[in-house]
Amino acid sequence: MPQDPLIPTPEYLSRLNPEQRRAIETTEGPLLILAGAGTGKTRVLTTRFAHLLLTGRAYPSQILAVTFTNKAAREMRERVGAILGEPAEGLWLGTFHAICARMLRRHAEYVGLTSGFNILDTDDQLRLLKQIMEPFRLDTKRWPPNQLMGIIQRWKDRGLTPDRVTPAEDTDFANGHALAIYRAYQLRLRELNTCDFGDLMLHMVEILRSQPNVLAQYHRIFRYILVDEYQDTNTVQYLWLRLLAKREHGPSNIACVGDDDQSIYSWRGAEVENILRFEKDFPGAAVVRLEQNYRSTAQILAAAAGLIAHNEGRLGKTLRPGREDAQGEKVQIIGVRDSDEEARIVGGAIERLQADGHPLSEMAILMRAGFQTRPFEERLMTIGVPYRIVGGLRFYERAEIRDCLAYMRVLSQPSDDLAFERIINVPKRGVGAVAVQKLHGLARTLPGPLTAAVLTQIEQGTLKGKSKEALTSLMEAFQRAKATLETEGQVVAVEQLLEDSGYLQMWRDDRSVEAPGRLDNIRELLRAIGEFATLEGFLEHVALVMDTESETTDDKVSLMTLHGSKGLEFDTVFLPGWEEGVFPSQRSLDEGGNRALEEERRLAYVGLTRARLRAIVVHAASRRIYANWQASMPSRFIEEIPSEYVQIGGQSVESRRQAAAAPSMFASGPFTSTRPSGMPQTPRPRITDVQPQANVPVGATVFHQKFGEGTVIAVDGSRLEINFENGGIKRVMANFVEIRS
DNA sequence: GCGACTGACTTTGAT
DNA sequence: AGTCAGTCGC
C-alpha cells in the first residue's frame with residue numbers, strides 16, 4: 001500500500017531523533033546501525049520494517065528479518081503489527097533457525113532429506129553421538145562425548161561440513177577420529193531424516209552455495225534484509241546472510257543492527273569480527289551510530305563508558321544521556337566479608353527500597369553464573385521478599401515433557417528411532433538396554449526403523465515372555481492412537497496414547513513430591529497441542545519456538561545471569577560477586593586470555609547499562625568455592641570505573657545495626673575502605689591461616705595435610721603439580737601446602 | 001534389569 | 001558440598 005510521498009512526516013517517524021531517522025530512512029544499500037545500550041534499537045528496527053512497507057518499497061513477504069531469540073522475533077512482530085494497525089501476515093520474520101527450517105523444508109532433497117525431517121533436541125543429539133562413537137571403542141572418560149559434540153557444533157558454527165574440515169581445522173580429539181565420527185554422525189542423521197540445530201543453518205548454506213537457482217529464487221524474493229544483534233552472529237549465519245544479500249546486480253539492501261560492546265557470546269561461536277568487518281564485507285556501507293541513551297542516568301552511563309574504554313578494537317561510540325533526571329546517583333561499591341553478608345546487604349537494600357515505594361519488579365540481581373543465585377534465594381526467602389529466577393530449566397527440557405514429546409514423535413513418525421528408544425522402557429516395561437541392543441541388531445539386518453523391527457519380532461515369535469507382552473501392548477497403543485488421531489484429533493489421540501501406554505499411570509503412582517507438578521505440566525502440554533492444526537505443526541513449534549516466557553507481571557525481584565539480562569532494564573540493578581576469579585571468571589581467563597578478559601568486561605558493561613537509576617556493585621573479601629574458603633580481591637573492573645562516578649559504601653557486621661537508621665541506603669563505616677587503591681598484580685589472600693600462595697619454586701619440598709610430603713614439579717597460577725611421596729602426582733591449590741624447603 | 005555405589009565435575013546457554 | 005551420570009554387583 002504505497003503512501004502519498006507528499007505527506008511530510010508520517011506519525012510513526014515524528015518522535016524519533018535525527019540519527020534514528022537516518023537509520024530508518026537510509027533504505028537502499030548496506031547499512032550498519034551501531035546501537036548502544038538503551039538507544040532505542042528495537043524501535044528503530046521495527047519502525048524501519050514498517051517504513052519499508054508503508055512507503056511501498058516492499059510487500060511483507062519481500063522483507064527478511066532475522067533475530068536470535070523467539071522473544072525478539074515475537075516482539076518485533078507485535079510492534080510492526082502495532083505500527084501497521086493490523087497483524088502482519090506472510091512475513092519472513094523469525095530466528096535464524098526458524099527461517100532456515102522453513103527454507104530447508106522446501107529444498108530438503110538437495111541434502112538428502114525429505115521435507116518432513118525432524119529436528120533433534122540437545123538430548124537426542126548427544127544420545128545419537130554416543131551411539132556413533134561406540135564402534136570407535138574410545139575411552140569415554142578421556143574423550144567425553146559432550147566435548148566432541150561441542151567440537152562438531154563449532155565446526156557447524158563455522159560452516160564446515162565434514163568435507164570442508166581441512167587438516168588445519170582438524171583436532172586430535174578422540175585419537176584423531178573426531179572428523180570420522182562427525183562424518184558418521186551426519187550420515188546417521190540423514191538416514192534418520194533428521195537435523196540438529198546446527199544443520200538447519202549448515203544445510204541451507206550448502207544449498208545456497210551449490211544451487212544457483214535456489215539462491216536466485218531468494219534473491220528475487222528478498223528485497224530487504226534486517227538483522228538484529230549482528231554482533232552475535234557466527235560464521236555460518238554470516239555466510240548465509242552474505243549469500244542472500246549479495247546479488248550480481250543491484251545493491252545489497254541489508255541493514256544490520258548491533259553493538260560490538262555487547263558481544264558476549266563468543267563461547268557459543270559468535271564472531272565479533274563480523275560486525276567489525278561489516279564495511280569491508282559490504283563496500284559503500286552507510287554507518288549510523290545511535291548514541292542517544294534513553295535509559296540510564298548520566299552517572300551510570302559515564303561509569304559504564306569508563307569501564308568499556310579499557311577494551312581495544314572497538315568501533316567506538318559515546319553514549320549521551322537523554323534522561324531528564326540527568327545526574328542521578330553514583331554507582332555504589334560495597335565491600336562485604338563473605339557471600340552471606342553479601343546476600344544480607346542486598347536483601348536489606350531491597351527491603352528498604354520497597355519500603356520507599358519502589359516496586360520489586362524494578363529490581364534485579366545479576367550474577368556471573370547461575371549457581372550464584374543460591375545465597376540470594378535463601379536470604380530473600382528468609383526475609384519474605386518474592387523473587388523470580390529468570391532462565392533455568394525451560395518447560396520443554398523437563399523429563400516428563402520430553403517423554404511425552406517422544407511418544408508424540410513416534411506417533412507422528414514411526415521411523416523416529418531416537419524417540420522410540422527414549423520411551424521403549426518408560427514407564428518400565430522390562431525392556432532394558434540389552435533388549436534394545438538386540439532389537440537394534442535386528443533392525444540393522446533389515447531395512448527400516450526400530451518400530452518395524454519390533455513388529456517383525458513379535459510376528460516371528462523371536463521375542464518372548466515379558467518383553468513380548470509389553471511391546472505388543474505398546475505397539476497396540478500406538479495403533480489405537482493412530483486411529484484416534486484421524487477420527488478425533490491430536491489432543492484426544494495423545495492423551496489416549498499416554499494413558500494406554502501407562503505413562504500417565506507411572507506418574508500417578510509416583511509418590512515423590514514432584515509427581516503432581518509433572519502431571520500438571522503434561523496437562524499444560526496437552527492443552528498446547530490443541531492450539532495447532534496438526535501434530536506435526538505442534539512438534540515443529542516445540543523444536544524451534546516453544547519458550548515458556550510466561551509474561552509475569554507479578555511484583556517480584558528478578559534473579560538472573562548477566563548473559564540472561566541482555567536486552568532488559570531495571571530501575572535498580574545489584575551486581576554481586578565482583579571479585580577476581582569470580583568476575584572476571586578465572587576459568588574464562590584461563591581459556592581465552594586477553595580476548596576473554598575483554599568479553600568479561602563487555603559483560604560487566606552489559607550489567608551496568610541494565611540500570612536506569614541505580615547500580616550497586618558488591619564484592620566479598622572471602623568466598624566459599626565448592627568446599628573451601630578462598631580469599632578474594634575486588635574485581636579489576638571496579639578499579640576501571642572512573643572514581644568520580646563511584647561512591648564507596650559498605651558495612652561490616654558491626655555497623656549493620658546503624659545502617660537501618662542511616663539516611664542513605666548504605667551506611668558507611670570505619671571498617672569499609674574496601675576499594676582497592678591500585679590493583680596488586682597477584683591476588684594475595686588476606687586470611688591468615690592459609691599460606692600465602694607466593695612463589696613456590698619448582699623443586700621445592702612441600703607438605704600437604706592429606707597427601708604428606710612431596711616435590712613441586714610444576715606451577716600453574718595458584719595450582720601446583722606435586723609429586724607426593726606416597727600419593728603420586730596430584731594438582732593442589734598452593735594455599736593448601738606448606739613449604740618445607 | 002535394577003539399585004547402590006563411586007567418582008567426576010562444577011560459566012555463560014538460544015535454537 | 002552436592003549432584004549426576006556411569007559402572008558394578010546381585
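So that the names make sense, note that chain A is the first sequence line, chain B the second, and so on, each numbered from 1.
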Fill in: Residue A:K130, side-chain atoms from C-beta onward, closest of B:dT12, C:dG6, B:dT15
C:dG6

Discussion item. What's A:Q372 touching, base or sugar-phosphate or nothing? Going by heavy atoms closer than 4.0 Å.
Written reply: nothing

Worksheet entry | Of A:L603 and A:T95, the one whose closest DNA chain B nucleotide lies more 5' | A:L603

Practice prompt. List in chain and number order the residues that pass ring-ring contact (aromatic ring centres under 6.0 Å, His included) with A:F371, two or more places apart in sequence or in another chain; answer none if no residue qualifies.
Written response: none

Item to complete: For A:G198, report the nucleic acid contact type (base, sugar-phosphate, nothing); a contact means any heavy atom under 4.0 Å.
Response: nothing

Practice prompt. Measure from CD on A:Q147 to C1' on B:dA8 and round the result to the nearest Å.
Written response: 13 Å

Discussion item. At less than 4.0 Å, is any side-chain N or O atom of A:N425 found next to OP1 or OP2 of B:dC2? Yes or no.
Written reply: yes

Worksheet item: For A:K428 and B:dG3, what is the distance between atoms NZ and P respectively, to the nearest whole Å?
Response: 7 Å

Response to the item:
From CG of A:L200 across to P of B:dA14 the rounded distance in Å is 16 Å

Worksheet, complete the sentence: Correct closest heavy-atom pair for A:C100 and A:L200 would be CB-O, 3.5 Å

Practice prompt. For A:S266, enumerate each residue passing the side chain to side chain donor-acceptor pair (under 3.5 Å) test, keeping only those at least two apart in sequence or located in another chain.
Written response: A:E599

Practice prompt. Measure from the side chain of A:F197, starting at C-beta and using heavy atoms only, and say which of B:dT15, B:dT12, B:dA14 lies closest.
Written response: B:dT15

Item to complete: Quickly work out the A:E598 CD to B:dT12 P distance and round it to whole Å.
Response: 22 Å

Discussion item. Between the base of B:dT12 and the ring of A:Y265 - centre-to-centre under 5.5 Å, planes within under 30° - is that a stack?
Written reply: no

Worksheet entry | Under-4.0 Å side-chain N/O to phosphate OP1/OP2 contact, A:K566 with B:dT12 | no

Discussion item. Rounded to whole Å, please give me the gap between NE2 in A:H541 and P in B:dT15.
Written reply: 11 Å

Fill in: Closest nucleotide among B:dG13, B:dT12, B:dT15 to the A:R268 side chain
B:dG13

Worksheet item: Could you give the CE-to-P distance, from A:M560 to B:dG13, as a whole number of Å?
Response: 11 Å

Worksheet item: Considering heavy-atom distances to DNA chain B, does A:T561 or A:P144 have its closest nucleotide positioned more toward the 5' end?
Response: A:P144

Worksheet entry | Whole-Å distance separating the CG atom of A:L589 from the P atom of B:dT12 | 16 Å

Item to complete: Please report, rounded to the nearest Å, how far the P atom of B:dT15 is from the CZ atom of A:R102.
Response: 18 Å

Worksheet entry | Any side-chain donor near an acceptor of the partner, A:Q131 and A:E421, under 3.5 Å | yes

Fill in: Side-chain N,O (A:N70) to OP1/OP2 (B:dT15) below 4.0 Å
yes

Practice prompt. Search all heavy atoms of A:F532 against all heavy atoms of A:A528 and return the closest pair with its distance.
Written response: CD1-O, 3.6 Å

